[in-house]
Asker: 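What follows is a single structure, and I will ask about it in a moment.
Just so you know, these numbers use all the heavy atoms, side chains as well, and skip hydrogens, waters and symmetry mates. All ligand and atom numbering here is 1-based and tracks the order in the structure.
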Amino acid sequence: MRVSMIGAGYVGLVSSACFADFGHHVTCIDKDARRIAALNNGELPIYEPGLADMVAADLRQGRLEFTADAARVGEADVVFLAVGTPSRRGDGHADLSHIFAAVREIAPLLSATAIVVTKSTVPVGTGDEIARMLREERPDAEIAVASNPEFMREGAAVYDFKHPDRILIGSDDLRARTILAEIYRPLYLNAAPMLYVSRRTAELIKYAANAFLAAKISLINEIADLCECVGADVQDVARGIGLDNRIGGKFLHPGPGFGGSCLPKDALALIKTAHEHGTRLRIVETIAAVNEERKRAMARKVVAALDGSVRGKTVAVLGLAFKPNTDDTRDSPAIPLIKELQDLGADVRAYDPAGMEQAKSQLPEVTYCGGAYAAAEGAEALVIATEWEPFRALDLARLKSVMARPVIVDLRNIYRVEEMCRAGFRYVAVGRAGVA
Ligand code: UGA
């Protein structure tokens with residue numbers, strides 16, 4: 001099968017490499033000629049475990065090509081759209097300008113029987129609009145438009161792509177369904193369930209899934225706050241409820257609020273979609289508001305741990321990416337946390353194994369360090385903002401010896417309270433009794 005992928009961003013790159021790995025011939029097309037040149041040299045614009053090796057092998061074996069030449073879509077049986085749909089400035093709705101620009105550009109170049117598939121997260125009805133544009137531009141052709149949302153997580157994207165919980169194919173067109181089933185056949189043989197639904201339903205399933213995940217996180221975060229008030233332990237609460245099969249234990253880790261390029265923006269776009277259709281999603285509206293407040297509120301935990309003020313004090317922050325195993329700092333809870341600490345007069349030193357370059361433009365006043373212990377040097381408090389593996393087993397004696405005061409604010413609950421107690425730290429966690 002010949003596949004074109006429009007967009008060499010996160011979803012486009014991972015999907016291209018994985019489809020090529022399945023044995024399809026993939027041409028990944030991006031307007032950004034510098035990005036394409038770098039990719040052809042084996043340099044990836046993102047950090048994602050396993051991706052670089054896969055891209056290198058696919059390039060070597062000639063199954064994957066990167067090009068800025070949009071005309072190459074003409075060779076493809078299936079063209080995936082994987083361009084960004086960021087939040088539109090001002091109203092938070094999904095900005096579809098990149099999607100529509102891509103459709104306008106490829107419309108005259110597509111083969112007359114191409115299948116155009118949106119992989120980008122797009123609001124309900126976007127596929128209808130794409131189909132309308134293609135009919136208008138290519139009345140001669142029989143181009144089908146389908147929706148095939150992606151559920152991969154950053155940091156685990158390659159694994160998720162190859163071990164999906166389900167493959168969602170949104171189209172009523174039999175030809176599109178058959179060809180997409182063929183593309184995913186290697187996974188189908190692994191018994192990945194394939195769900196055929198209408199295009200609009202597929203578009204909505206993507207948003208509903210992210211809203212549900214956001215709801216689980218926000219709920220456990222609020223329960224964590226209550227645990228702190230009533231003296232209960234949120235880790236045990238999460239386990240106690242998660243063992244109920246109807247609830248499930250995943251996405252019940254309390255923390256500084258959900259971030260990243262998907263859950264926050266998709267919640268806003270879903271709220272907008274409901275408004276446009278004259279209705280409201282009050283639960284999703286509340287989740288979005290609660291999460292925004294939470295990110296800002298995390299600085300107060302640090303202030304409390306430092307006896308009411310951070311003014312003139314040095315605070316070390318471990319973790320800038322919104323989650324481990326990625327360099328992505330978009331909407332990361334660490335960003336508003338650090339800004340708030342700086343507004344309150346703190347000097348912030350920080351370390352992240354992958355996210356420091358991305359953070360620099362958002363946080364120019366931070367002292368970036370070469371490691372966790374270097375960041376902790378002279379700090380009166382150390383905040384764990386992202387649960388990277390190397391932060392889970394820090395040498396507590398060494399940490400204590402380099403810090404000005406032994407205070408740890410663990411926003412990801414990665415340490416045991418007794419361990420911190422033994423090591424002589426003041427330890428503040430989320431939804432658990434700490435060590436005073
Ligand atoms: C999310 C979804 O999990 C994917 O299924 C989806 O494909 C993707 O969005 C997307 O729409 O493209 P991602 O944003 O990569 O994936 O990351 P998550 O693992 O969902 O984490 C999102 C945020 O929630 C992170 O800040 C994370 O720290 C936080 N989180 C997650 C918690 O605070 N607690 C949890 O229990 C889980």
Side-chain angles (χ1 to χ4, degrees), residues 7 9-15 46-49 82-87 94 118-123 148-161 163-168 202-224 234-235 237-239 241-242 247-270 287-288 290-292 294-295 298 319-337 355 384-388 391 410-414 430-431:
Y10 221 101
V11 170
L13 268 181
V14 175
S15 308
I46 54 167
Y47 171 72
E48 181 65 37
V83 297
T85 52
S87 272
T118 45
K119 245 202 186 309
S120 311
T121 301
V122 293
N148 169 225
E150 188 44 64
F151 297 97
M152 64 172 81
R153 294 159 300 165
E154 290 189 22
V158 171
Y159 179 88
D160 284 354
F161 194 96
H163 303 85
D165 289 338
R166 75 298 208 189
I167 297 158
L168 191 56
E203 289 167 339
L204 187 56
I205 287 173
K206 170 68 192 182
Y207 281 97
N210 275 358
F212 200 92
L213 294 172
K216 282 188 95 171
I217 301 168
S218 284
L219 185 93
I220 201 68
N221 281 342
E222 287 212 315
I223 296 288
V234 73
Q235 298 295 122
V237 174
R239 191 165 153 72
I241 62 175
I247 297 173
K250 292 187 176 160
F251 273 66
L252 287 179
H253 301 291
F258 57 79
S261 65
C262 303
L263 299 193
K265 98 171 157 61
D266 291 351
L268 293 182
L270 187 58
I287 292 165
V290 161
N291 195 59
E292 277 316 299
R294 183 170 194 83
K295 288 194 208 169
M298 288 300 108
L320 298 166
F322 79 100
K323 62 188 280 191
N325 297 322
T326 178
D327 57 355
D328 197 343
T329 57
R330 283 176 290 176
D331 254 322
S332 171
I335 308 291
L337 164 76
I384 300 171
T386 313
E387 69 279 30
W388 279 92
F391 302 159
D410 178 0
L411 300 179
R412 299 290 184 168
N413 286 358
I414 56 178
V430 180

Asker: Any nitrogen or oxygen of Thr121, main chain or side chain, under 3.5 Å from a nitrogen or oxygen of ligand 1?
Answerer: no
Asker: Based purely on interatomic distance, does Phe151 place a nitrogen or oxygen under 3.5 Å from a nitrogen or oxygen of ligand 1?
Answerer: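 N/O-N/O distance under 3.5 Å: yes.
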Asker: Could you list the atoms of ligand 1 found under 4.0 angstrom from a heavy atom of Leu252?
Answerer: 36 (O)
Asker: Apply side-chain contact (heavy atoms from CB on, under 4.5 Å) to the pair Phe391 and Ile414, showing each step before the final yes or no.
Answerer: CA-CA 8 Å; Phe391 302 159; Ile414 56 178; 4.2 Å; yes
Asker: Under the side-chain contact (heavy atoms from CB on, under 4.5 Å) test against Arg330, which residue among Ser261, Pro264, Pro86 passes?
Answerer: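 Among the candidates, only Ser261 passes.
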Asker: Relative to the heavy atoms of Glu154, which atoms of ligand 1 are at a distance of less than 4.0 Å?
Answerer: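 Near Glu154, meaning under 4.0 Å from one of its heavy atoms, ligand 1 has 15 (O).
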Asker: Taking atom 23 (C) of ligand 1 as the point of reference, which of Gly260, Gly259, Ala334 owns the nearest heavy atom?
Answerer: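 Looking at heavy atoms only, the winner is Gly259.
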Asker: State if Glu387 counts as touching ligand 1 under the rule of any non-hydrogen atom under 4.0 Å.
Answerer: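 It does not, in that no heavy atom of Glu387 comes within the 4.0 Å cut-off of ligand 1.
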Asker: Under 4.0 Å between a Lys/Arg side-chain N and an Asp/Glu carboxylate O for Lys206 and Glu203?
Answerer: no
Asker: Begin with the C-alpha distance, continue with both residues' side-chain angles, and end with the deciding distance and a verdict on side-chain contact (heavy atoms from CB on, under 4.5 Å) for Lys323 and Arg153.
Answerer: CA-CA 10 Å; Lys323 62 188 280 191; Arg153 294 159 300 165; 3.5 Å; yes
Asker: Out of Glu150, Arg153, Met152, indicate the one that has the non-hydrogen atom closest to atom 8 (C) of ligand 1.
Answerer: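 Going through Glu150, Arg153, Met152 one by one, Met152 has the nearest heavy atom to atom 8 (C) of ligand 1.
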Asker: Look at atom 28 (O) of ligand 1 and say which protein heavy atom is nearest, naming residue and atom and giving the distance to 0.1 Å.
Answerer: Arg412 NH1, 2.8 Å
Asker: What residue and atom, counting heavy atoms only, is the protein's closest point to atom 34 (N) of ligand 1, and at what distance?
Answerer: His253 O, 2.8 Å
Asker: Checking contacts here: is it the side chain or the backbone of Leu213 that comes within 4.0 Å of ligand 1, counting heavy atoms only? Could be both or neither.
Answerer: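 The part of Leu213 near ligand 1 is the side chain, not the backbone.
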Asker: Can you check which of Ser120, Ala214, Cys262 brings a heavy atom nearest to atom 9 (O) of ligand 1?
Answerer: Cys262
Asker: Got the closest protein heavy atom to atom 17 (O) of ligand 1, with its distance?
Answerer: Lys323 NZ, 3.1 Å
Asker: Specify the closest pair of heavy atoms between Lys295 and Pro336, including all atoms of both residues, with the distance to one decimal.
Answerer: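 Shortest heavy-atom contact: CB-CG, 3.9 Å.
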Asker: Could you tell me the residue and atom name of the protein heavy atom closest to atom 33 (O) of ligand 1, and the distance to it rounded to 0.1 Å?
Answerer: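 Of the protein heavy atoms, Ile217 CG2, 3.5 Å lies nearest.
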Asker: Begin with the C-alpha distance, continue with both residues' side-chain angles, and end with the deciding distance and a verdict on side-chain contact (heavy atoms from CB on, under 4.5 Å) for Thr121 and Asp266.
Answerer: CA-CA 8 Å; Thr121 301; Asp266 291 351; 3.8 Å; yes
Asker: Nearest heavy-atom pair of Ile217 and Phe258: which atoms, and what distance?
Answerer: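 For Ile217 versus Phe258, the nearest heavy atoms are CD1-CB, 3.9 Å.
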Asker: Keeping Asn221 on the side-chain end and Gly255 on the backbone end, is there a donor-acceptor pair under 3.5 Å?
Answerer: yes
Asker: Specify the protein heavy atom at minimum distance from atom 14 (O) of ligand 1: its residue, its atom name, and the distance to 0.1 Å.
Answerer: Phe322 CE1, 3.7 Å
Asker: Under 4.0 Å from a heavy atom of Leu263: give me the atoms of ligand 1 that qualify, with their elements.
Answerer: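 With Leu263 as reference, the close atoms of ligand 1 come out as 1 (C), 22 (C).
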Asker: Give the minimum heavy-atom separation between Thr329 and Ile335, together with the two atoms involved.
Answerer: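 Where Thr329 meets Ile335 most closely, the heavy atoms are O-CG1, 3.9 Å.
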Asker: Just which atoms of ligand 1 are under 4.0 Å from any heavy atom in Asn210?
Answerer: 2 (C), 6 (C), 9 (O), 10 (C), 11 (O)
Asker: Could you give me the CA-CA distance, side-chain angles and deciding distance for Lys216 and Leu252, then say whether side-chain contact (heavy atoms from CB on, under 4.5 Å) is met?
Answerer: CA-CA 6 Å; Lys216 282 188 95 171; Leu252 287 179; 4.0 Å; yes
